[in-house]
Chemist: 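Please find one structure pasted underneath; my questions will follow.
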Amino acid sequence: MQGASKTSVLNCIDLSTPDLRQSVSLLKQKACLDSGFFYVVHHGISQEFMDEVFAQSKRMFEQPLTEKMKLLRNEKHRGYTPILDELLDPENQLKGDYKEGYYIGVEVAEGDPKAEKPFYGPNVWPEPELLPGWRETMENYHREALEVARAVARIIALALDLKVDFFDQPEMLGEPIAILRLLHYEGGISDPSKGIFGAGAHSDYGLITLLATDGIPGLQICKDRDAKPQIWEDVPPLKGAFIVNLGNMLERWSNCVFKSTLHRVLVNGQERYSMAYFVEPSHDCLVECLPTCKSENNPPKFPPILCQTYLSQRYNDTHTDRSVYKKPQT
């Protein structure tokens, strides 16, 4: 049974404020302890550039399916993902997510030893003749979004009583797994009672996610996943802001001080575009309980795990096996 929806009120963090104490206080008081979701404003990426990235994303998804399937995601999770490719909530979803997407990760050339790692390697790019300027726009956005994520991570570090540069270390966000995913929800209508969702209920896998939307509503959060029935709250879009949510790795790191919150997308007949920027630590980072988050009376709740191991498991669990797709004719 699905609970009734209401509107969630999220805290807002201003990244242009030199004094981080207010932002740290907001995280400690409510933003993360309550839901793991908050807004970030004045983040340094111009609205003009955000509009351009959305416009380029739309150009990609407007291409014929035959063209998009030539860019089908590879084994490194780069490239196009068709509708129903992802199944996030198998208990409640009839088929899969009614969305299409496009993955763009850290660009590492073939032949580079780092390209042997599961989430590093060359991206899958459309031909410049098909989408002029598309690659350059996405690479620029990828770089700028990473700087925003690093700024947010510094506030999180202080909120966990760590040094401000804790997440800047090489094994953390010095060599991150940072994945941009462009998303397009077609103009269908979700029906939870029939197992039809834009995106099924899930929590994100990694450290933090920066979500930009086109202003069309649809995102919902559930603060208590164990409640019967679950209560879902709408998260209103905020012009010019990122919606930030904390992932499973941070919940493990913080020993559940910070929550990785269940969320989903319901579509209401309007087309919807969004961009999710997933930020995880390096492949070889060992995610284990932080010293500031455990005590004799509060021992670690999770065993240590390598970042690449955890991410690989989660991606494989939720995506369709690539072998089901027929290779497009050339």
Chemist: Answer whether the closest heavy-atom distance between the side chains of Asp234 and Leu219 falls below 4.5 Å.
Modeler: no
Chemist: Using a 4.5 Å cut-off on heavy atoms from C-beta on, say whether the side chain of Phe61 contacts that of Leu182.
Modeler: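 When only atoms from C-beta onward are counted, Phe61 and Leu182 do touch, with a gap below 4.5 Å.
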Chemist: Closest heavy-atom contact between Pro176 and Tyr120?
Modeler: O-OH, 2.7 Å
Chemist: Are Ile155 and Leu26 in one and the same hydrophobic cluster, where Ile, Leu, Val, Met, Phe, Trp and Tyr link if side-chain heavy atoms are under 4.5 Å apart?
Modeler: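 Yes, one cluster joins them.
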Chemist: How long is the span from the CZ atom in Arg150 to the CG atom in Leu146, to the nearest 0.5 Å?
Modeler: 4.0 Å
Chemist: Would you say Asn74's side chain and Arg78's backbone share a donor-acceptor pair under 3.5 angstrom?
Modeler: yes
Chemist: Please check: side-chain N/O of Glu147 versus main-chain N/O of Glu144, any donor-acceptor pairing under 3.5 Å?
Modeler: no
Chemist: So for atom CD, which belongs to Gln47, do other residues, nucleotides or ligands contribute more than 12 heavy atoms lying within a distance under 6.0 Å?
Modeler: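 Yes, enclosed.
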Chemist: Is it true that a side-chain atom of Ser190 and a backbone atom of Val267 form a donor plus acceptor pair closer than 3.5 Å?
Modeler: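 Pair found, side chain donor or acceptor close to backbone of Val267.
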Chemist: Going hydrophobic residue to hydrophobic residue with side-chain gaps under 4.5 angstrom, can you get from Trp232 over to Ile196?
Modeler: no
Chemist: For Val148, which of Val244, Val279, Leu15 qualifies under side chain to side chain contact (heavy atoms under 4.5 Å, CB included)?
Modeler: Leu15
Chemist: Quick check with a 6.0 Å cut-off and a 45 degree axis cone: is Arg252 positioned over the face of Phe258's six-membered ring?
Modeler: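 No, a cation-pi geometry is absent between Arg252 and Phe258.
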Chemist: Between Met138 and Gln56, is any pair of side-chain heavy atoms under 4.5 Å apart?
Modeler: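 Sidechains of Gln56 and Met138: in contact.
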Chemist: Give a yes or no on whether a salt bridge exists between Arg21 and Asp19, defined as a side-chain N under 4.0 angstrom from a carboxylate O.
Modeler: yes
Chemist: So that I can tick it off, tell me whether Arg135 and Glu107 are bridged by a salt bridge, with the cut-off set at under 4.0 angstrom between side-chain N and carboxylate O.
Modeler: yes
Chemist: Rounded to the nearest 0.5 Å, how far apart are OG1 of Thr209 and CD1 of Ile179?
Modeler: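 CD1 of Ile179 is found 10.0 Å from OG1 of Thr209.
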Chemist: Is Asn255 reaching over with its side chain to a backbone N or O of Cys293, donor-acceptor style, under 3.5 angstrom?
Modeler: yes
Chemist: Has Asn11 got a side-chain atom pairing as donor or acceptor with Leu27's backbone, closer than 3.5 angstrom?
Modeler: no
Chemist: Strictly by modelled atom types, are Asp191 and Ser193 linked by a side-chain donor-acceptor pair under 3.5 Å?
Modeler: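 Looking only at side-chain atoms, Ser193 and Asp191 do form a donor-acceptor pair, the distance falling under 3.5 Å.
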Chemist: Report yes if some heavy atom in the side chain of Phe242 is under 4.5 Å from a heavy atom in the side chain of Ile45; otherwise report no.
Modeler: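 Side-chain contact under 4.5 Å: yes.
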Chemist: If you round to the nearest 0.5 Å, how far is CD of Glu280 from CE of Met172?
Modeler: 13.5 Å
Chemist: Using every non-hydrogen atom in the two residues, find where Leu207 and Pro281 come nearest and quote the distance to one decimal.
Modeler: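 Closest heavy-atom pair between Leu207 and Pro281: CB-CD, 4.4 Å.
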Chemist: Tell me the closest heavy-atom pair linking Phe49 and Ser46, and the distance in Å.
Modeler: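 Closest approach of Phe49 to Ser46, heavy atoms only: N-OG, 3.1 Å.
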Chemist: Spell out, yes or no, whether Leu173 and Val108 are grouped together once hydrophobic residues are joined by side-chain heavy atoms under 4.5 Å, including indirect joins.
Modeler: no
Chemist: I need the minimum non-hydrogen distance between Tyr39 and Pro236, along with the two atoms involved.
Modeler: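 Tyr39 and Pro236 have their closest heavy atoms at OH-O, 2.6 Å.
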Chemist: Ignoring hydrogens and angles, tell me if any N or O in the side chain of Gln93 forms a donor-acceptor pair with the backbone of Leu88 under 3.5 Å.
Modeler: yes
Chemist: Roughly how far, to the nearest 0.5 Å, is CZ of Arg264 from CG of Asn92?
Modeler: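 Atom-to-atom, Asn92:CG and Arg264:CZ are 9.0 Å apart.
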Chemist: Is the number of heavy atoms from other residues, nucleotides or ligands under 6.0 Å of Lys95 NZ greater than 12?
Modeler: no
Chemist: Would you find a donor on one side and an acceptor on the other, under 3.5 Å apart, between the side chain of Asp85 and the backbone of Thr81?
Modeler: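 It does not hold such a pair.
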Chemist: Mind checking whether His263 and Phe37 have parallel, tilted or perpendicular rings, split at 30° and 60°?
Modeler: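 If you compare the ring of His263 with that of Phe37, the planes turn out perpendicular.
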Chemist: Taking side chain as C-beta onward, heavy atoms only, is Glu52 less than 4.5 Å from Thr137?
Modeler: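 They are in side-chain contact.
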Chemist: Could you walk me through whether Lys294 and Leu290 pass the side chain to side chain contact (heavy atoms under 4.5 Å, CB included) check?
Modeler: CA-CA 7 Å; Lys294 62 183 177 181; Leu290 296 166; over 6 Å; no
Chemist: Step through it carefully: locate the ring centre of His142, locate the ring centre of Tyr277, and say whether they are under 6.0 Å apart.
Modeler: yes
Chemist: Got Arg225 and Ser203 here, is their nearest side-chain heavy-atom distance under 4.5 Å?
Modeler: yes
Chemist: Once you round to the nearest 0.5 Å, how far does CE of Met275 lie from CG of Leu180?
Modeler: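 Spacing of CE (Met275) from CG (Leu180) equals 7.0 Å.
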Chemist: Looking at Pro237 and Gly215, what are the two nearest heavy atoms and their distance?
Modeler: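 Here Pro237 and Gly215 meet closest at CG-O, 3.5 Å.
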Chemist: Under a 4.5 Å cut-off applied to non-hydrogen side-chain atoms, are Ile216 and Glu271 in contact?
Modeler: no
Chemist: Treating Asn123 as the side-chain partner and Trp125 as the backbone partner, does any N or O pair qualify as donor plus acceptor under 3.5 Å?
Modeler: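 No, Asn123 side chain to Trp125 backbone: no donor-acceptor pair under 3.5 Å.
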Chemist: Tyr103 and side chain to side chain donor-acceptor pair (under 3.5 Å): which partner among Lys76, His77, Arg181?
Modeler: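 One option only clears the test, and that one is Arg181.
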Chemist: Any side-chain heavy atom of Pro170 sitting closer than 4.5 Å to one from Glu175?
Modeler: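 Answer no - side chains too far apart.
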Chemist: Check for me, please, whether Leu87 and Tyr205 land in the same ILVMFWY cluster - side-chain distances under 4.5 Å, paths through other members count.
Modeler: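 As far as the 4.5 Å side-chain criterion goes, Tyr205 and Leu87 are not connected within one cluster.
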Chemist: Before giving the answer on side chain to side chain donor-acceptor pair (under 3.5 Å), spell out for Gln308 and Asp284 the whole-Å C-alpha distance, their side-chain angles and the decisive distance to 0.1 Å.
Modeler: CA-CA 7 Å; Gln308 62 179 310; Asp284 298 321; 2.9 Å; yes
Chemist: Closest heavy-atom contact between Asp204 and Ser260?
Modeler: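 Shortest heavy-atom contact: O-OG, 3.7 Å.
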Chemist: Taking only Lys NZ, Arg NE, NH1 and NH2, and the carboxylate oxygens of Asp or Glu, determine whether Lys259 and Glu251 approach each other closer than 4.0 Å.
Modeler: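 No, this pair does not count.
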Chemist: Can a donor-acceptor pair be found, under 3.5 Å and without considering hydrogens, that links the side chain of Asp97 to the backbone of Gly200?
Modeler: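 Yes; judged by distance alone, with no hydrogens or angles, the pair exists.
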Chemist: Cation-pi check, Arg272 to Tyr185: give yes when NZ or CZ is under 6.0 Å from the six-membered ring centre and within 45° of the ring axis, no otherwise.
Modeler: yes
Chemist: Students often mix this up, so state it plainly: with edges at 30° and 60°, are the rings of Phe119 and His283 parallel, tilted or perpendicular?
Modeler: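 Geometry flag for His283 against Phe119: tilted rings.
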Chemist: Are Trp253 and Phe302 connected in a single hydrophobic cluster, I mean Ile/Leu/Val/Met/Phe/Trp/Tyr linked by side-chain heavy atoms less than 4.5 Å apart?
Modeler: no
Chemist: What I want to find out is whether Glu100 reaches Lys68 closely enough, with some N-O distance under 4.0 Å, to be called a salt bridge.
Modeler: yes
Chemist: Does Arg154 reach the main-chain N or O of Leu20 with its side chain, forming a donor-acceptor pair under 3.5 Å?
Modeler: no
Chemist: Please tell me whether Tyr102 and Trp134 form a close aromatic pair, meaning their ring centres lie under 6.0 Å apart.
Modeler: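 Ring centroids of Tyr102 and Trp134 are less than 6.0 Å from each other.
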Chemist: To the closest 0.5 Å, what do you measure between CD (Glu67) and CD (Glu127)?
Modeler: 9.5 Å
Chemist: For Gln220 and Val265, what are the C-alpha separation, side-chain angles and deciding distance, and is it a side chain to side chain contact (heavy atoms under 4.5 Å, CB included)?
Modeler: CA-CA 6 Å; Gln220 296 183 332; Val265 173; over 6 Å; no
Chemist: Lys223 vs Glu233, test: side chain to side chain contact (heavy atoms under 4.5 Å, CB included). Steps then yes/no.
Modeler: CA-CA 8 Å; Lys223 294 178 180 177; Glu233 303 180 18; 3.6 Å; yes
Chemist: Mark yes when over 12 heavy atoms from residues, nucleotides or ligands other than Glu48 sit less than 6.0 Å from its CD; otherwise mark no.
Modeler: no
Chemist: Taking atom CD as the centre, does Glu110 end up with more than 12 heavy-atom neighbours from other residues, nucleotides or ligands that are less than 6.0 angstrom away?
Modeler: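 No, CD of Glu110 has 12 or fewer neighbouring heavy atoms, counting only those of other groups under 6.0 Å.
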